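Only one structure is covered here, and it is reproduced in the block below.
It should be emphasised that the depicted structure is a prediction, and the values quoted were computed from it without experimental measurement. Letters A, B, ... are given to chains in the order of the sequence lines, protein chains preceding strands, and every chain is numbered from 1.
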Number of protein chains: 2
Amino acid sequence: MDLFRSYLHQQRLPLTRQREVIAMGLFESGEQLSVDDLADLLRGRGEHVGKATIYRTLSLLVQAELARELDFGEGFKRYELQAGEARHDHFICTSCGQVTRFVRSVVDEFQATIAAELGYTVQSRRLEIYGLCSECRAAVERASSAGAVTTGEAASSGQVRGEGG
Amino acid sequence: MDLFRSYLHQQRLPLTRQREVIAMGLFESGEQLSVDDLADLLRGRGEHVGKATIYRTLSLLVQAELARELDFGEGFKRYELQAGEARHDHFICTSCGQVTRFVRSVVDEFQATIAAELGYTVQSRRLEIYGLCSECRAAVERASSAGAVTTGEAASSGQVRGEGG
DNA sequence: TCGGGGCTGAGATCTGTTCTCAACCATGAT
DNA sequence: ATCATGGTTGAGAACAGATCTCAGCCCCGA
């Protein structure tokens, strides 16, 4: 949050109430929010902020490298704060929509190795693994062994958890 | 191509001229094509195919696991054939738009390891590394040492190459 | 306190993708 | 070869996410 303040100051951009509220919302949520999620969240707090402003502020946060733009193939983008956090990747359950972050240094290592081998310079990466979380796999196995067909519901709310609980 | 034919037959779906032409276009190009790219390509061959049909056929090819949907954050999707090909990942030059495919078993190994650790079942993945290709990096270095500012142009045509030339 | 440049927001606009539906055609049977 | 039929096709409408417009507002340095 302070980082955002100093970024704005350094860029000679004013810190408005909207910018503050948007960054706080994303910061406190800690999840991967869509623009609509964020608008709803703020509305629930009695703060009305136009979508145009949300888009503009998110793009500022991305420029400041305080946030990251994500796309899980849902047809719209999600954003998450990454202030000072270690570079992490995502595992997305295709059944319930649960997103799990993970951090593994081996990813950075093979990324560097591959770039060196190909003669490239790395700027960023996207690693997303799609599959079934343990609960959904269990549900699928139960259903198939019972001969029934039941699928978990896609969670539009985008529940998140870091690995290890 | 024959795989597509047999997939259609097996699904009791007719093989139309449009489907044949679209699959052939994607097959012969070997690149990551957008729907517009494909429409242009076919128009250049004197084949007029509606976009709705292109979208429908691509989605069939994806279902048949003969093609893969890609999103390089350009605001639209790209598609590439992956008939029988090894699972590969992409390196995208953010300056000139060049896409390089690469295959590294370490990526598959890591994917299996992390899934096991987290208790997940893998279905698919997306690994994209963004950065500068060697030519663009050289251009940037040249420009900055000369004090000038020049950037490569984003290639909308999406040139591709596999690693090793 | 003031002046001005940047910000805001409702709605228009743009663009990629999907939907609609009447005409068309691939397929299997005769 | 001809026929019936059910899925396909394509032009354009519809939709949704993201961006743009511009008049009015607000932050901030003086």
Side-chain angles (χ1 to χ4, degrees), chain A residues 4-26 32-43 45-64 67-79 154 156 158, chain B residues 4-26 32-40 42-43 46-64 67-79 154 156 158:
Chain A
F4 189 34
R5 255 186 279 271
S6 53
Y7 175 81
L8 290 175
H9 193 260
Q10 166 199 330
Q11 300 288 313
R12 316 234 179 268
L13 296 174
L15 171 65
T16 63
R17 165 160 200 80
Q18 288 87 340
R19 285 178 178 167
E20 200 163 7
V21 164
I22 291 167
M24 285 299 276
L26 197 59
Q32 294 83 5
L33 300 181
S34 67
V35 168
D36 281 332
D37 289 343
L38 207 36
D40 290 348
L41 177 70
L42 298 182
R43 199 175 312 121
R45 294 183 181 183
E47 300 278 1
H48 176 80
V49 184
K51 284 195 188 160
T53 300
I54 298 183
Y55 277 108
R56 284 184 288 232
T57 302
L58 287 172
S59 119
L60 268 180
L61 285 164
V62 169
Q63 271 177 244
R68 203 171 159 196
E69 191 181 274
L70 303 170
D71 184 347
F72 295 158
E74 301 162 298
F76 53 86
K77 287 169 184 162
R78 291 181 176 276
Y79 296 84
S156 65
Chain B
F4 189 35
R5 255 187 278 271
S6 53
Y7 174 81
L8 291 174
H9 194 260
Q10 166 198 330
Q11 300 287 314
R12 316 231 178 270
L13 296 174
L15 170 64
T16 63
R17 166 159 200 78
Q18 288 87 339
R19 285 177 176 164
E20 200 163 8
V21 164
I22 292 167
M24 285 298 276
L26 198 59
Q32 293 84 5
L33 300 181
S34 67
V35 168
D36 280 332
D37 289 343
L38 206 36
D40 290 348
L42 298 182
R43 198 175 315 120
E47 300 279 1
H48 175 80
V49 183
K51 283 196 188 161
T53 301
I54 298 183
Y55 276 106
R56 284 184 289 233
T57 302
L58 286 173
S59 120
L60 268 180
L61 285 164
V62 170
Q63 271 176 244
R68 202 172 160 197
E69 191 180 273
L70 303 170
D71 183 348
F72 295 159
E74 300 163 298
F76 54 85
K77 288 168 183 163
R78 291 181 176 276
Y79 296 83
S156 65

Return the [atom1] to [atom2] distance between [X] and [Y], rounded to the nearest 0.5 Å.
X: Leu58(A); Y: Arg68(A); atom1: CG; atom2: CZ; answer: 15.0 Å
X: Asp36(B); Y: Asp40(B); atom1: CG; atom2: CG; answer: 6.5 Å
X: Leu15(B); Y: Ser6(B); atom1: CG; atom2: OG; answer: 10.5 Å
X: Arg78(B); Y: Leu33(B); atom1: CZ; atom2: CG; answer: 7.5 Å
X: Leu42(B); Y: Gln18(B); atom1: CG; atom2: CD; answer: 10.0 Å
X: Ile22(B); Y: Glu20(B); atom1: CD1; atom2: CD; answer: 11.0 Å

Short side-chain to backbone donor-acceptor contact, Arg19(A) and Phe4(A), under 3.5 Å: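 Here the side-chain-to-backbone pair does not exist.
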
Minimal non-hydrogen separation, Gly25(B) against Leu38(B), with atom names: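 Result for this residue pair: C-CD1, 4.2 Å.
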
[X] has an atom [atom1]; how far is it from atom [atom2] of [N], in whole Å?
X: Lys77(B); N: dA16(D); atom1: NZ; atom2: C1'; result: 12 Å
X: Ile22(A); N: dG9(C); atom1: CD1; atom2: C1'; result: 11 Å
X: Phe72(B); N: dG16(C); atom1: CZ; atom2: P; result: 17 Å
X: Glu20(A); N: dC7(C); atom1: CD; atom2: P; result: 16 Å
X: Glu69(A); N: dT19(D); atom1: CD; atom2: C1'; result: 13 Å
X: Leu42(B); N: dT9(D); atom1: CG; atom2: P; result: 13 Å
X: Phe76(B); N: dC14(C); atom1: CZ; atom2: P; result: 19 Å
X: Glu74(A); N: dA16(D); atom1: CD; atom2: C1'; result: 14 Å

Less than 4.5 Å apart, any side-chain heavy atom of [X] and any of [Y]?
X: Thr16(A); Y: Thr57(A); result: no
X: Tyr79(B); Y: Val35(B); result: yes
X: Tyr7(B); Y: His9(B); result: no
X: Leu8(B); Y: Leu60(B); result: yes

Any [X] side-chain N or O less than 4.0 Å from OP1/OP2 of [N]:
X: Gln18(B); N: dG10(D); result: yes
X: His48(A); N: dA10(C); result: yes
X: Arg19(A); N: dC7(C); result: yes

Of residues 51-59 of chain B, the positions that come close to DNA chain C - non-hydrogen atoms, cut-off under 4.0 Å: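 By residue number: Ala52(B), Tyr55(B), Arg56(B).
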
Let me check the geometry of the helix from dT1(C)-dA30(D) to dT30(C)-dA1(D). What is the bend angle between the axes at its two ends, five pairs each, to 10°?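 Answer rounded to 10°: the end axes differ by 40°.
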
Along DNA chain C (nearest heavy atom to each residue), the more 5'-positioned of Val49(A) and Asp36(B):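 Looking at DNA chain C, the more 5' nearest nucleotide goes with Val49(A).
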
Which protein N or O atoms sit under 3.5 Å from an N or O of nucleotides 24-30 of chain D?
unit_1	atom_1	unit_2	atom_2	d
dC28(D)	OP1	Leu15(A)	N	3.2

